[in-house]
Amino acid sequence: MGALQVIIGFLLIFIIPGYLISWTFFKKLDFFDRSSISVGLSICFNIFIGLVLGYIGLLNIFWYYLIISVFVLVSLILIRKEIIGYLKKDLYFFKDKKNLFQLLLVLIALVFIFVLIFLVHIDYSGMIQNPHLDTPYVYEENFEFKYPIHTDEYTHLARSIKLIEEERIDLHNPYRKDLSYHKDLELGFHVFSSGFFILTGLDPVLDLKYLAALFAIINSLMLFVLGRYITKRFYIGLLSILFFAVLKSNINLMGNWFFIPSTMSVFLIFLFFYLFLRLFKKFRADILLLALVVLLISIFVYPPSAVIIILTSFVYLIFNHKRFSKKLKRLFLILALVGLIIFVLNFNFFINSIKFGYWTATAIGDVRYNLLSLYGVLGILLSILGFIFIFLKKYSKLLFILPAIFLVNIIIYTFTDSTYLIPYTRNVYYFLTSLVPLTSIGLYHLLVYLKKLVKNKYIFSLLVLVIVVGLTLFSLRNYYDINEQKNISNVDSKNLVILYLLEKQDYEALKFLKDNYGKNNLILVDPLVSVGVYPIGRGKAKSMISSNIGLDGDPRMYFKFLDMDCKDRTFLIQEENFGFALSRFPLNCPGFLKVYDKQNYVYDVRSLNG
């Protein structure tokens, strides 16, 4: 189907289901709110459908289309009398010139953030790590890289591809030859990814880069809607998109450049609190149900995000206990019950991981961030100003409770070397994200004060443009060149630059193996390249670099293999039962049948195993 399938897939994944759900629950939303939560609810709907189909073994394009089509048809039947009125109401939005101007500003901001993130893959300029070169640290200009960047992106992609291949939820490590059980704590993320590629027909490896940029848009859109809803000011929401766009990323902190569960979970957190605050304003059982569904989805996508939601909600409810009605007390009890259920269902995870210490230990040591340098002095000052205005303007206290929770955990880590419930690096990422609304409030009210000083509206508009553009450009200094981001952590910034695990020649060699020798071949390969063994080659790996999926074996096995003589190489092949060896160097040994030699060499060694 090509382009048509991509378009239909996007509509079914991101727009149509959520749009229909939004009209079922909300009759009086404006275009901005409706379009934003429609995207969020569509994703939640697709994750739910994917989980159901996965558990019953029907995770394929036929059943996806069938269930979504039935849902759309039933929804249209239920609202058939009102549908014309709904569409007219949404279209009426475009008749107001002010609305069109604001929509244009939002679209410009969203295009800006998409391009900013997407350039990491198609036009990157900055230092990179490439361990395959003699000089591992090199500066690249206008560098194009079509493949996933981070180890976690590959391992998460492997689980998603396994779902597509098996058409069911399979809790086994896709890289391993044996069928050893491996619990999937981020199943919702993998189900969404698999559904996305099933419905759009896009290539999981070559087109993953679009999802990082897309979710940067979706996350910033939910920030925009929440900030606008809380403050009732459009421009605070708009500034939130810009400040979210310029948040820094690197291979340790990760962030917006990467499509992983923690970055995907951002929109779920803000979507929940949008529903939560509406519920707090006017209790409705149907909105409560919708909020709980979002919370449930967050558990499956990234469990720490559910912890954040529940903990923040509890603190907010405690701060506002005087406003409790019987129905809000019921909400408090429901959240407590959901929290207990989460704990029971993930008992082993919480017992083993309630205190995170080892999670910060990496190949470059224990990385600790300087928040002042990472977010910028000016950003911190504007956030403090925003904090003050929350009280002066009586904005929702949720806006300072959220960053306060992360900050407390970061401070605890500083003194105890451990964080609780949420890993340190995720605390830092979420903390920076939660500062965005505060920064936007601070800058907005500074501009309001400036307006009182500058009476000429044209001069004031020009000043606002200069200040906002200037701040954005200032925040983007060394955005891509991480090596030049000085003093952001206790380690040399050079160690945080992008690490290219495999290159085009590795991709093509692994694809050759899949296309010519099928699946499930055990491949001896460089531990960095091994992360692509399953996603690209549908093969198996004996050992690989440290990752979130875990794997037994010696990660230096490949390098030891290269240093061996032919006799020892043969013995290792037989002992580990490898079927193929992939190397950048020729392996001239008896029984090693060369089947590929385009920059990489692939050898068929199955005959050595009898």
Side-chain angles (χ1 to χ4, degrees), residues 130-134 145-148 151 154-155 157-158 161-162 164-166 172-180 203-206 500-545 547 549 551-610:
N130 189 337
H132 305 293
L133 302 177
D134 293 334
F145 195 77
K146 299 178 180 179
Y147 318 111
T151 310
Y154 277 104
T155 53
L157 190 59
I161 292 172
K162 188 169 179 63
I164 297 172
E165 296 274 321
E166 302 289 338
H172 297 110
N173 189 326
Y175 289 93
R176 291 188 60 151
K177 190 78 173 177
D178 63 321
L179 296 178
S180 57
D203 185 288
V205 175
L206 297 179
Y500 287 103
L501 299 161
L502 53 80
E503 299 177 291
K504 182 180 179 181
Q505 65 197 66
D506 306 309
Y507 171 84
E508 291 178 345
L510 289 171
K511 195 170 185 303
F512 166 83
L513 276 170
K514 183 191 74 171
D515 294 342
N516 291 275
Y517 294 95
K519 306 172 184 178
N520 299 319
N521 294 300
L522 187 59
I523 304 169
L524 175 61
V525 66
D526 183 307
L528 295 174
V529 178
S530 67
V531 296
V533 163
Y534 185 82
I536 301 168
R538 301 299 189 274
K540 304 295 181 178
K542 188 67 179 179
S543 61
M544 57 192 282
I545 60 172
S547 70
I549 203 166
L551 199 68
D552 62 354
D554 180 4
R556 296 197 56 80
M557 181 186 295
Y558 169 78
F559 300 110
K560 293 176 181 178
F561 172 81
L562 293 180
D563 290 336
M564 294 175 179
D565 58 25
C566 286
K567 181 180 178 181
D568 289 336
R569 286 178 180 176
T570 300
F571 178 77
L572 179 63
I573 293 289
Q574 293 172 336
E575 183 181 43
E576 301 294 344
N577 200 32
F578 284 109
F580 293 86
L582 191 160
S583 172
R584 296 193 175 217
F585 312 99
L587 303 172
N588 299 316
C589 291
F592 284 51
L593 178 63
K594 184 169 67 176
V595 295
Y596 181 90
D597 64 352
K598 297 178 181 178
Q599 292 185 291
N600 274 342
Y601 299 86
V602 176
Y603 294 89
D604 184 345
V605 294
R606 291 175 294 179
S607 62
L608 297 175
N609 296 311

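For clarity, every value in this text was computed on a predicted model and none was experimentally measured.
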Can you tell me how far apart [atom1] ([X]) and [atom2] ([Y]) are? Round to the nearest 0.5 Å.
X	Y	atom1	atom2	value
L587	L562	CG	CG	6.5 Å
L501	Y154	CG	OH	6.0 Å
K598	K504	NZ	NZ	11.0 Å
H172	E166	NE2	CD	9.5 Å
F578	F561	CZ	CZ	8.5 Å
K540	N577	NZ	CG	14.0 Å

Query - Carboxylate-amine/guanidinium contact R538 E165, below 4.0 Å - result: yes
Query raised in the report: Quick one: do K567 and D565 make a salt bridge, cutoff under 4.0 Å?
Result: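 Answer for the salt bridge query: no.
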Query raised in the report: Any side-chain donor-acceptor pair under 3.5 Å between E508 and N600?
Result: no
**Report entry** Pair S583-Y558, side-chain donor/acceptor within less than 3.5 Å
**Finding:**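 Their side chains do contain a donor-acceptor pair, which is all the 3.5 Å distance test asks for.
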Decide yes or no for [X] and [Y]: does some side-chain heavy atom of the first lie under 4.5 Å from some side-chain heavy atom of the second?
X	Y	value
L524	F580	no
S530	Y175	no
L528	P131	yes

Mind checking side chain to side chain contact (heavy atoms under 4.5 Å, CB included) for [X] and listing every partner two or more places apart, or none if nothing turns up?
X	result
Q599	Q505
T570	Q574, F592, L608
F571	E575

Strictly distance-based, threshold 3.5 Å: is any side-chain N or O of [X] a donor or acceptor partner for the main-chain N or O of [Y]?
X	Y	answer
K519	G537	no
R606	G579	no
N521	I523	no

Looking only at heavy atoms, which two atoms of [X] and [Y] are closest? And how far apart?
X	Y	result
K514	I536	CD-O, 3.6 Å
D203	L206	OD1-N, 2.9 Å
K560	M564	O-CG, 3.1 Å
L522	E576	CD2-O, 3.3 Å
L157	P535	CD2-CB, 4.4 Å
V529	L510	CG1-CD1, 4.0 Å

Report task. Please step through side-chain contact (heavy atoms from CB on, under 4.5 Å) for the pair V205 and K146, ending with a clear verdict. Result -> CA-CA 8 Å; V205 175; K146 299 178 180 179; over 6 Å; no
Report task. Please step through side-chain contact (heavy atoms from CB on, under 4.5 Å) for the pair V595 and Y517, ending with a clear verdict. Result -> CA-CA 11 Å; V595 295; Y517 294 95; 3.2 Å; yes
Query raised in the report: Between Y603 and Y601, what is the ring plane arrangement, given parallel below 30°, perpendicular above 60°, and tilted in between?
Result: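 Judged by the thresholds at 30° and 60°, the geometry between Y603 and Y601 is parallel.
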